[in-house]
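In what follows, a single structure is set out as structure tokens and then discussed.
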Amino acid sequence: MNIDEEDHAENIILNHDFAGGLDPWKPNCCDSFVVFGQSSNHNGVKARTGTNFAVVTNRGQCWQGLEQDITSRVSLAATYTVSASVRVWAASLEGDVDVRATLRLEYPDAATEYLFVGSVLASKDCWKKLDGRFSLEKMPRSVVFYLEGPSPGIDLLIDSVVVASLFSSKERKETCRNLPLERDENILLNPYFENGLANWTARGCRIALQDCFGDGKLTPLHGKFFASATNRTQQWNGIQQEITARVKQNVAYEVKAGVRISGGITGTVKVEVTLWVQKRNQREEYIRVGTLQTSDKEWMQLQGKFFLCGPALRVIIYVEGSPAGTDILLDHMVIKPAAKIRALPPHVIKNCEFGVNVIQNSNLQDGLKGWFPLGPCTLSVAAGSPRMLPLKAIESLEPHETLSGFYLSVTNRTQNWMGPAQMITDKIHLYLTYQVSAWVRIGSRTSGLQHVNVAIDVEGKWVNGGQIEICDDSWHEIGGSFRIEKKPSKVMVYVQGPSPGVDLMVAGLHIFPVDLKARFKHLKMKTDKVRKRDVIIKLLGLDGSIMSGATVKVQQNQNSFPFGSCISRRAIDNEIFVRFLVENFNWAVLENELKWPSTEPQQGKLNYKDVDDLLNFCKSHNLKVRGHCLFWEVEDTVPSWVRLLNKNDLKAAIENRLVGLLSRYKGKFHHYDVNNEMLHGSFHQDRLGKEIRAYMFKITHQLDPNAVLFVNDYHVEDGCDHKSSPEKYIEHILGLQEQGAPVGGIGLQGHIDSPVGSIVCSALDKMAILSLPIWFTELDVSSTNEHVRADDLEVMLREAFAHPAVEGITLWGFCELLMSRENAHLLEADGNVTEAGKRYLALREEWLTQAHGQINDKREFEFRGFYGSYDVEVGTPAKTFTQKFVVDEGEGQLYVYINL
């Protein structure tokens, strides 16, 4: 049922038609007067219905207008509707301009708030009606109603204003009964529609208040009413509310909304909550807050988070997303500051034997004891498997025992999930990282690639313990890792994957907890060899007596190793983000702005503004920049218009992008990810042939010969994706080089879960055979437990920094709600540093050298230091001398001469 009737009470605006002149109206920092009489006019404009109207002129700001104090005439017990007749005038004005109704709310001991009430596009040709609604959640000390909006220099004309209550106090109390109590901190007004549609407006469609829908079968989830957005012709049409005055910068907000759809759609469709932000420089941002697949069957809760990066002129939140023609129904929306998750203390692990296998009878010397077949397959023990431990596990296992040579043989498999299984529930500690390692083989009577996976069943939820693809009947190493962070009632490990009818063989399955402390100790020693050099400071120019007792103090001010982060146009408006970035990183990579959908969303309509802004930002802060990415091989990431092109037009579009972009930015990007994720997608190759990939590299090199050209892919380093093993990546790179592609670097993205150092190191060792620089290009780790997140980050940073083939690390962001991955941030929206952030800063500090001491009898001071820039201070009885120097990579000792 559509609620359209409004029972208006008395108008609370005094002198609403200006019959009494301007009293009690006041101009806001401008001039105003009243045109009296039906025959009178202002520049030919006459009153709409009465005989008078007000003119607001000499306006120097868009917020200047006409206002009236209504404090004594409003209450918390009512919703108010606003209706005003307005017009604008300027001699040179063409088209329509925005006129707005606003409330200025002043509270004791709090900042003044501004509440958007309604707006209309007004013209100089005719009077327009401005409609709106509002209600107050708490009573201010002062409530001032005013009309504003046109650009400076444009006169605002007002014929009449009506502000009247819609619901009585009794009706409002009845509507509010039994609503959830999430109201105190909610920055939305009228969140449950207890005041009708007050404060809500339509976004390109029609909205209505409902108490039921669809012949009375659909009723509200909470309270008495919900809202419907109908007559939708665009995906972005929906229902919205302006929250400009109530949302604060650098505060993380959580959003909860009850939504569903209507309109004959079968299945589910996507509904989104989006934030529209207009910046002070008039730049617009659209921020996705949350998405949900919903249907017409039931109300569902859509959740999300957002925060404002910088000051904004206007902020509007709205619900959109389902296909045009469907109705979006909104039962409620609550926006409140997100609850902070208090960092738990580090989890204490007791009685844990690191490096000890939790699998019972792993060597099968007791037959099938501890093992059972998963499903109606046949499980038996046979001889003939490798006796050597899998290579990835040797470093971490204790003791280093050889295998028995027995293996599990699984036959009569009728489903791909069938295989050997074992219960390990009572052997798993929470928050520990477990390494998985085994030998696997498939039957000889098969053809094509077969997928094998070590799976962990945690209370019915599948957890990946390692994957591999096999195309022959030889033994292959499989490895991976997992971690459990909630107490489970059942944990089962099983091996699965080959097609039904294919025999599966498993030998030496090991699952054991990883000792981080022991690994870190090993990596510190390795780092000392890889990232440091012996330095001798030699003093010249003074005789020995003056130099006797001279002291030396060495301080490294910057490590030369590249540490970077991805950045976005939105992020650089945030002072907290910028300060942490420039203090702790020396490289940057553009997150989305350089990608094809961003630079050319429609064919021929180029947009380089955001890229230019980011490059200028990086230049001003002395940050080197990676270019990510020229092309992306995964089809869903290709611009929609590109997907529709025929073969010839697609080739031309690729050439146009290369020539246009690379000519514009020649010399500005030090690296390019040329064609992203070629192990996981094949859009361009499927349409243009295998040679198109090498062609992209060749043309890029021709147009920007100094840029290093990278391949870039994910899960190469962790063993959990059968598509992207190190061996497949090596084969892929060699194939590009054979076609003449000037591949200059290897990008490992590093989106990783529960990392194990020996597995990561094994992948790096294999990739190093190509003698190309390796970068971790998009590194992030995720855990709701801050200490676990910090440990995982330290694993990755130490492994990368200690490996001689790795020449740089770029994090895929560091700030809360400015990252694509949740629970991965180092920095909270308000600037607080998380445990992972503290760990990152501690490592950066550890990798700076400090040394001090006295000059020896050879007038020398020796130390071993990290590569990078230094300051040295030499103190003698007569004078103190300072000098800068650089420790660069090289063989043997480095002499630094200081002439005193």
Side-chain angles (χ1 to χ4, degrees), residues 356-387 389-390 393 401 403-428 434-482 484 488-512 719-720 722:
V356 175
N357 193 10
V358 303
I359 295 294
Q360 179 185 2
N361 188 27
S362 174
N363 250 336
L364 304 173
Q365 290 171 325
D366 292 328
L368 290 174
K369 184 179 180 180
W371 296 96
F372 60 90
L374 189 64
C377 53
T378 302
L379 190 62
S380 61
V381 176
S385 62
R387 291 180 175 271
L389 284 168
E401 297 178 349
L403 301 181
S404 65
F406 294 121
Y407 65 89
L408 292 165
S409 174
V410 191
T411 56
N412 300 322
R413 299 175 62 255
T414 59
Q415 301 289 335
N416 61 5
W417 49 263
M418 291 182 179
Q422 186 172 135
M423 302 302 299
I424 57 174
T425 310
D426 298 331
K427 301 176 182 179
I428 299 297
Y434 284 85
Q435 184 170 347
V436 179
S437 181
W439 292 105
V440 293
R441 182 181 172 187
I442 58 173
S444 58
R445 292 194 299 267
T446 185
S447 60
L449 291 173
Q450 294 293 323
H451 176 200
V452 178
N453 166 230
V454 178
I456 318 298
D457 183 334
V458 182
E459 293 184 326
K461 180 181 178 182
W462 177 83
V463 176
N464 188 0
Q467 294 185 2
I468 192 173
E469 273 187 345
I470 301 175
C471 60
D472 56 34
D473 63 349
S474 60
W475 288 97
H476 294 265
E477 179 183 5
I478 188 170
S481 62
F482 70 94
I484 299 174
S489 60
K490 184 193 80 168
V491 182
M492 177 179 69
V493 60
Y494 62 102
V495 186
Q496 60 160 357
S499 302
V502 178
D503 294 345
L504 172 63
M505 289 151 270
V506 181
L509 177 61
H510 285 71
I511 296 178
F512 53 93
C720 73
H722 61 86

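All values derive from a computational prediction rather than experimental measurement.
- Between N453 and G465, the closest heavy-atom pair is ND2-N, 4.3 Å.
- By the 30° and 60° cut-offs, the orientation of the rings of H451 relative to H722 is tilted.
- The minimum heavy-atom distance between N416 and Q496, with the atom names listed, is O-CB, 3.5 Å.
- Here the closest heavy-atom approach between residue S362 and residue L509 is recorded as OG-O, 2.7 Å.
- The CD1 atom of I470 lies 9.5 Å from the CH2 atom of W475; values are rounded to the nearest 0.5 Å.
- Nearest heavy atoms, T425 versus S489: CG2-O, 3.6 Å.
- Checked by atom type and distance alone, the side chain of R441 never pairs as donor or acceptor with a backbone atom of S474 at under 3.5 Å.
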Report task. Go through the steps for L364 and L408 under the test side-chain contact (heavy atoms from CB on, under 4.5 Å), then give the verdict. Result -> CA-CA 8 Å; L364 304 173; L408 292 165; 3.6 Å; yes

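- With rounding to the nearest 0.5 Å, the separation of OH in Y494 from CE in M423 is 12.0 Å.
- A heavy-atom distance below 4.5 Å is not found between the side chains of E459 and I484.
- The shortest non-hydrogen separation linking N357 to I359 is OD1-N, 3.1 Å.
- Across all non-hydrogen atoms, the minimal contact from M418 to L504 is O-CD2, 4.4 Å.
- Side-chain contact, E477 with S437: no donor N or O sits under 3.5 Å from an acceptor N or O.
- In terms of modelled atom types and a separation under 3.5 Å, the side chain of R413 and the main chain of D503 share no donor-acceptor contact.
- For the atom pair Q467 CD and I478 CD1, the distance stands at 7.5 Å (nearest 0.5 Å).
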What pairs of donor and acceptor atoms, side-chain ones from residues 365-383 against any protein atom, are under 3.5 angstrom apart with sequence neighbours left out?
{"residue": "W371", "atom": "NE1", "partner": "N361", "partner atom": "O", "Å": "3.2"}
{"residue": "T378", "atom": "OG1", "partner": "N412", "partner atom": "ND2", "Å": "2.7"}

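- Proximity of I442 to V452: side-chain heavy atoms (C-beta onward) are separated by under 4.5 Å at one or more points.
- Atom CD in Q422 sits 5.5 Å away from atom NZ in K427 (nearest 0.5 Å).
- A heavy-atom distance below 4.5 Å is found between the side chains of K490 and D457.
- Under the 4.5 Å side-chain criterion, counting only non-hydrogen atoms from C-beta, F482 is not in contact with V458.
- The shortest distance between side-chain heavy atoms of W439 and S385 does not fall below 4.5 Å.
- For the atom pair L389 CG and L403 CG, the distance stands at 5.0 Å (nearest 0.5 Å).
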